[in-house]
2 protein chains.
Amino acid sequence: MTKTQASRSPSPPPFPLPYTTVDIVIFTVRDSVLEVLLVKRPADSREPFPSRWALPGGFVNIDLDLDLLACARRKLQEKTGVVSPYLEQLGSWGGRDRDPRGWSATHVYFALIPSDELELRHGANAADVSWMAVDRALKTRLAFDHSDLLAAAVERLRSKVEYTSLPAFLLREPFTLPQLQHVYEVVLGRPVDKSGFRTRMLAAGFLAEAGHVEGTSNRPAMGYRLISRDAAVVFPRTFSPRG
Amino acid sequence: MTKTQASRSPSPPPFPLPYTTVDIVIFTVRDSVLEVLLVKRPADSREPFPSRWALPGGFVNIDLDLDLLACARRKLQEKTGVVSPYLEQLGSWGGRDRDPRGWSATHVYFALIPSDELELRHGANAADVSWMAVDRALKTRLAFDHSDLLAAAVERLRSKVEYTSLPAFLLREPFTLPQLQHVYEVVLGRPVDKSGFRTRMLAAGFLAEAGHVEGTSNRPAMGYRLISRDAAVVFPRTFSPRG
DNA sequence: GTAATAGTGTCTATAAGACAGTATCAG
DNA sequence: CTGATACTGTCTTATAGACACTATTAC
């Protein structure tokens with residue numbers, strides 16, 4: 001199969017093209033609350049949805065971005081400074097009415113980052129960058145169809161937390177099992193049995209011991225690192241009680 | 001929130017746009033084999049990948065398609081005549097090199113249809129339309145990055161079959177439990193215990209009895225319909241042995 | 001010592017896999 | 001009747017939830 005040329009400016013097509021954007025739903029846990037990163041749209045009333053909160057994102061730059069994932073990474077780093085977070089594609093949304101400027105399609109990614117590994121940055125097209133509790137963000141009318149995107153991302157996150165090691169990406173390494181359990185409980189919104197939790201995590205085999213951590217509590221706990229930061233581990237069963 | 005105008009031709013933007021396409025991975029089971037629908041690229045050597053097999057799909061038409069899902073439905077109907085199949089978004093792939101004509105992004109859907117509800121159609125840009133066994137298609141070099149898309153779709157299908165009612169969408173209603181079990185076995189590529197299978201399906205509560213079906217065998221079996229054709233049901237556990 | 005959190009052991013209910021057995025049809 | 005397929009019952013075993021228990025630190 002020949003991968004030929006592929007160059008900067010494709011010859012203009014004989015039909016109109018949709019706009020192509022990438023948006024990112026960036027989650028973190030701060031002070032026992034699941035939060036999402038939002039940016040405020042510029043106040044300029046010639047822009048769509050002025051002064052409204054939105055997900056970070058923007059147009060694909062075909063000169064800068066080799067592919068969609070690279071574009072997502074670029075935008076994530078512009079806003080948070082985080083270089084290699086957990087990043088997963090959520091899906092794409094496209095249609096005539098989601099952007100008043102015309103037919104557009106957005107490719108949505110969701111990212112998990114530890115709250116203490118970031119420094120928020122104010123970009124060119126974002127008057128303000130801020131964390132907001134997910135529960136509050138879900139009740140806020142975001143720009144474009146971003147409320148839909150956020151709802152989908154939260155649903156995906158909550159769902160996958162039931163049977164994957166995803167929450168581990170919300171913690172800075174090394175972390176302890178009680179810390180990990182706490183993150184699970186924050187995202188799930190309900191308590192989790194300690195004994196079962198520990199058995200499950202250790203049996204899943206994605207954690208490597210990393211020496212004791214002198215932590216927040218009286219007795220030091222074992223610290224762990226992820227064996228692989230590439231992907232989350234899938235558990236054979238769910239967390240649900242009576243499951 | 002104001003949903004204003006949104007019209008046919010967006011004002012041309014000050015920067016080049018990627019091409020936007022939709023591709024569909026259409027699965028069916030025929031004669032105990034999982035198959036996928038492929039179209040042959042035109043022989044015209046000015047077209048990319050002439051005479052090569054590809055997934056059905058094409059450019060989004062912003063005048064015809066209200067949104068991505070509508071575009072996928074349109075393309076599916078053009079190729080198969082099927083109107084309301086199971087249709088789920090798989091994800092999107094975009095980058096500089098996947099289409100020699102330039103930066104492009106495709107939104108990929110996958111569809112499940114019963115093999116006896118379709119009539120293949122030859123479209124304008126497809127010299128040939130044909131079913132191919134999935135195992136063979138996976139070994140074939142398809143046009144563009146369609147081999148990647150197909151591999152992802154097959155992985156998603158095989159994975160979801162382990163814990164959802166997806167295979168039910170591959171059968172014409174009403175169907176019997178032995179028929180459904182057979183489809184599961186075809187997609188999974190391994191036998192499934194009869195007793196456990198029946199308990200599981202009936203407990204999942206997505207089937208409604210629809211009278212006895214005088215079928216292929218000696219003893220007639222109970223026929224079933226799906227209570228809802230909107231989505232598949234998720235089982236609490238997996239099919240895997242020793243799981 | 002006490003308080004606090006880390007970590008372990010044990011019991012039990014549930015449910016799935018395995019497989020043998022019964023029921024109902026065609027011929 | 002026989003053969004074939006639809007359907008059911010039972011036994012065993014794995015495991016997750018519940019919860020009580022022990023261990024190791026700070027003070």
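Each chain gets a letter, A, B and so on, in the order its sequence line appears, and its residues count up from 1. In what follows, every heavy atom counts, from backbone to side chain, and hydrogens, waters and symmetry copies are set aside.
- At a cut-off of 3.5 angstrom, counting only N and O atoms as typed in the model, there is no donor on one side facing an acceptor on the other between the side-chain of A/R219 and the base of D/dA26.
- Per the geometry, CG belonging to B/D193 stands 16 Å off P belonging to D/dT13, to the nearest Å.
- Rounded to a whole Å, the CZ atom of A/F197 is 13 Å from the C1' atom of C/dG7.
- Within 4.0 Å of A/S195, counting heavy atoms only, lies at least one base atom of the nucleic acid.
- Side-chain contact of B/S92 with B/H107: a donor-acceptor pair under 3.5 Å is absent, judged by distance alone.
- Taking atom CG on A/L180 and atom C1' on C/dA6, their separation rounds to 15 Å, with Å as the unit.
- Residue B/E35 comes nearest to B/A133 through the heavy atom pair CG-CA, 4.0 Å, listed as atom of the first residue, atom of the second, then distance.
- Put simply, CE on B/M222 is 13 Å from P on C/dT24, counting in whole angstrom units.
- Atom-to-atom, NZ of A/K194 to P of C/dA6 comes out at 8 Å; the value is rounded to the nearest Å.
- Rounding to whole angstrom units, CG of residue A/N218 and C1' of C/dT2 are separated by 11 Å.
- The CE atom of B/M201 sits 15 Å away from the C1' atom of C/dA15 (whole-angstrom rounding).
- Between A/F197 and A/Y184, the ring center distance clears the sub-6.0 Å criterion.
- Not a single donor-acceptor pair, N or O on each side, falls under 3.5 Å between the base of C/dA6 and the side chain of A/R198.
- If you measure from atom CZ of B/R200 to atom P of D/dT8, you get 18 Å, rounded to the nearest angstrom.
- A side-chain donor from one of B/H182 and B/S32 sits under 3.5 Å from a side-chain acceptor of the other.
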